[in-house]
Structure formats: structure tokens, C-alpha cells
2 protein chains.
Amino acid sequence: MFLSTSHNKIDLKCRVSIPASFRVNLEKSNESLILFKCLQFKCIEGTTSTRMQAYINAIDELDALSDDAFLLRMMMADSFEIKFDINGRVVIPDTLMNFAELSDKAVFMGIGESFYIWSPSEYENQYMKSKKILKEKGPPKLILKKN
Amino acid sequence: MFLSTSHNKIDLKCRVSIPASFRVNLEKSNESLILFKCLQFKCIEGTTSTRMQAYINAIDELDALSDDAFLLRMMMADSFEIKFDINGRVVIPDTLMNFAELSDKAVFMGIGESFYIWSPSEYENQYMKSKKILKEKGPPKLILKKN
DNA sequence: TGGGATAACATGGGATTTTATGGTAGTCAA
DNA sequence: TTGACTACCATAAAATCCCATGTTATCCCA
């Protein structure tokens, strides 16, 4: 599980340290890391190769001409399998740097099965937005168990 | 897994570098590369010999006289097993160059089990189309389930 | 519980290897 | 003998590896 938030520096080579707890999470299940353009927000989403493989398998189940299949294929095209260096850093591909408007700082936000990488300002926006919704509409009604 | 997108040059001999990550993907499973006319789009589709074998097997499951079987057999007829040169380049057969309207640039787009090779302009069209669908219809249901 | 020793982590920089791509020489067939 | 195709060599740019270092977190023992 990816949990917690941390702020790391992106250097001139677009290298950034993946938070140690996220790395451990990947290592202990022997999975590689996939980064891709988040479909809902202006940020990068990171997840495990197993999870990505599940999406890929799902494509074959869909009508090849459907909109969903089309979007999923595009998602693959905007995804990258990422290698760590010996210090636990990764290089963020240019495409993703631009998409999430990252420059010299990254905010890592664990959300369970995956995590987000935000620019500090976009992170701030989303954080404020969540506080506002919480204030106006109250806490979410969570359904932990079905039937 | 074939992931990510890259733009490579096609030279006068119709040679083009297959992106390194795609090559690694083929090498590590010791598979050869098959290129063929994509059935859905004006592009070349590339995949592994094993997956191509799966297509061939699938034809046998179909009614031999059906239109589907006919189309799939036609697809096989325009498929090529491709050899790499020492630098990881391949020569794109004339038939496929013409079919995908390629000239001096190719866009490689990984879509999981296989990849597409587009002309830059056709790629741009498809990319724009996906943005539009995403905006109008939102992300695929599959994605929303995951968190 | 305090505080020093040790390990882990984040980050910088330089050396080395890969990659993409242009070119040339050799081979085979018409 | 010419033209097409293939194998191989060369090179610049980019990606990757590896070492160094300061800082933070953790451990361990008094």
C-alpha cells in the first residue's frame, strides 16, 4: 500500500528520490514501477507493473473499437516502466514532467493502490479544494463492506 | 509489455530504430517481431510471434467461411517477420510504408501487448481524438474502480 | 531517558554505456 | 554490371551507473 505524503527535490536531470516507503512496497512484492499521465488530474500517477498488466488484459476483453478500449490504449502510450538507480531515484520522462508541469519540486501522495506526483502548486490547489468540500458537504460516507 | 511513445526517424532505406524498451521486451522473452497492417487504424501494428500465433489459433475457432475469418486471413497475408540489424533497426516493408502513409518519421506507441507505428500526422489525429473522448465521456469505468 | 554511534535517506556530480542515426563495404540476383 | 539488400562501422547525444556527501532517522547502551 502506498500511504503518506512527502516533498522531494527534482534535480536538473529530472531525477527524484521515490519515498523509501513506496520503494519498499514495490521491492517486497518484486514489482517494477509504472508512471503514467493521470486521467483525472494534472499529475503523474504511479503504480505497480501487476496493476498495469491488469489494465492491459482488460483491453482484450473490450470491444476493440469501443471508446474505453481507445482510452486505455492511449493510457498505455502515456505510461513508462521506470528503473531505479542504486540510490532509489528515478528519472521522470519529459512527457510526464510537462504534463504535470513539474520543475524542481515534487509532492508524493500515496492513495493506496497507487500514488500521485504533483507540482507543489497543483498539490496546494487540490488540498484546498478538499478542505472546502469537507467543510461544505461534511465527511464522505464510506462503504467499507458490500453485502 | 509495450509502453510509452517515441518519435524516430525513418531513413532513405526505410530503416528505423525500434525503441530500446520495445526491443528489450522482445529479447527477454526471446521472441521475434511481427509487423502487420492494423485492422482498426491506418497504422502498422507490431507484436510478438507468440501473440501472432494466438491470432492464428483464433481464426481456427471461427466459422471458416465467415467475414471475420476472411479478414483475419488477409491480415496474415500482409504480416512480416522482421529482423533487426546490429543497432536495433529494422527495415519497414514497402507494403506497410504505403499502408500507413509513412515517409521520414514514425511514431511508436506502446499499447500493452503490442504497439502501433503511425505517421506523425495520423498520430496527432488519434491523440486529439482521445483527448476529446476523455473530456466528453470521462475516464473508462475500469479506471474508476481501482482506488 | 539521554546522547553518541550507526544506518538509512536524499541529493550532487562525473564517468561510462546505450541509443539513435548516418554512412560504407560486401553479397546476391537479375 | 547494376541495383537492391544486408551486414557492419562510426559518432554525437542522451540515458544510466556509480561514487561522494550532508542530513535525517534509528538504534543501543549507559
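Chain identifiers are assigned alphabetically (A, B, ...) following the order of the sequence lines, protein sequences preceding nucleic acid strands; residue numbering begins at 1 within each chain. Here the structure is a predicted model, which is why all the values come from computation and not from measurement.
Of the residues in residues 19-27 of chain A, A:Pro19, A:Ala20, A:Arg23 come within less than 4.0 Å of DNA chain C through at least one heavy atom, sorted by number. Residues from residues 84-92 of chain B lying near DNA chain C, meaning a heavy-atom separation below 4.0 Å, are B:Asn87, B:Arg89 in numerical order. DNA chain D lies under 4.0 Å from no heavy atom of any residue of residues 96-110 of chain A.
Counting heavy atoms of neighbouring residues, nucleotides and ligands inside a 6.0 Å radius, atom NZ of B:Lys131 exceeds 12 of them. Annotation: B:Asp60, atom CG; neighbour count of heavy atoms from other residues, nucleotides and ligands within 6.0 Å is above 12.
Using a 4.0 Å heavy-atom distance criterion, B:Leu12 is classed as making no nucleic acid contact. Within the nucleic acid shown, A:Ile18 comes within 4.0 Å of sugar-phosphate atoms alone, with no base atom in reach, counting heavy atoms only.
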Give me the distances for all protein-to-nucleotides 24-30 of chain C N/O pairs that come in under 3.5 Å?
| residue | atom | partner | partner atom | Å |
| --- | --- | --- | --- | --- |
| C:dT24 | O4 | B:Lys13 | NZ | 2.5 |

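The main-chain N or O of A:Ser17 is found under 3.5 Å from a side-chain atom of A:Asn8 such that the two form a donor-acceptor pair. In this structure, the side chain of A:Asn25 engages the main chain of A:Met1 through a donor-acceptor pair within 3.5 Å.
Evaluated for a side-chain contact (heavy atoms from CB on, under 4.5 Å) with A:Leu102, the options A:Ile10, A:Val16, A:Leu96 yield exactly one hit, A:Ile10.
The other residues sharing a hydrophobic cluster with B:Met74 are B:Phe70, where clustering joins ILVMFWY side chains under 4.5 Å apart.
Remark: B:Asp85 does not engage B:Lys13 in a salt bridge, criterion side-chain N to carboxylate O under 4.0 Å.
Counting heavy atoms from C-beta outward, B:Phe41 and B:Trp118 have side chains that approach closer than 4.5 Å.
The line from NZ of B:Lys141 to CG of A:Asp68 is 5.5 Å long, rounded to the nearest 0.5 Å.
Spacing between atom CG of B:Asn8 and atom C1' of C:dT18 amounts to 14 Å, rounded to whole angstrom units.
Shown here are the ring pair (Phe, Tyr, Trp, His ring centres under 6.0 Å) partners of A:Phe22, two or more places apart in sequence or in another chain: A:Phe2, A:Phe115.
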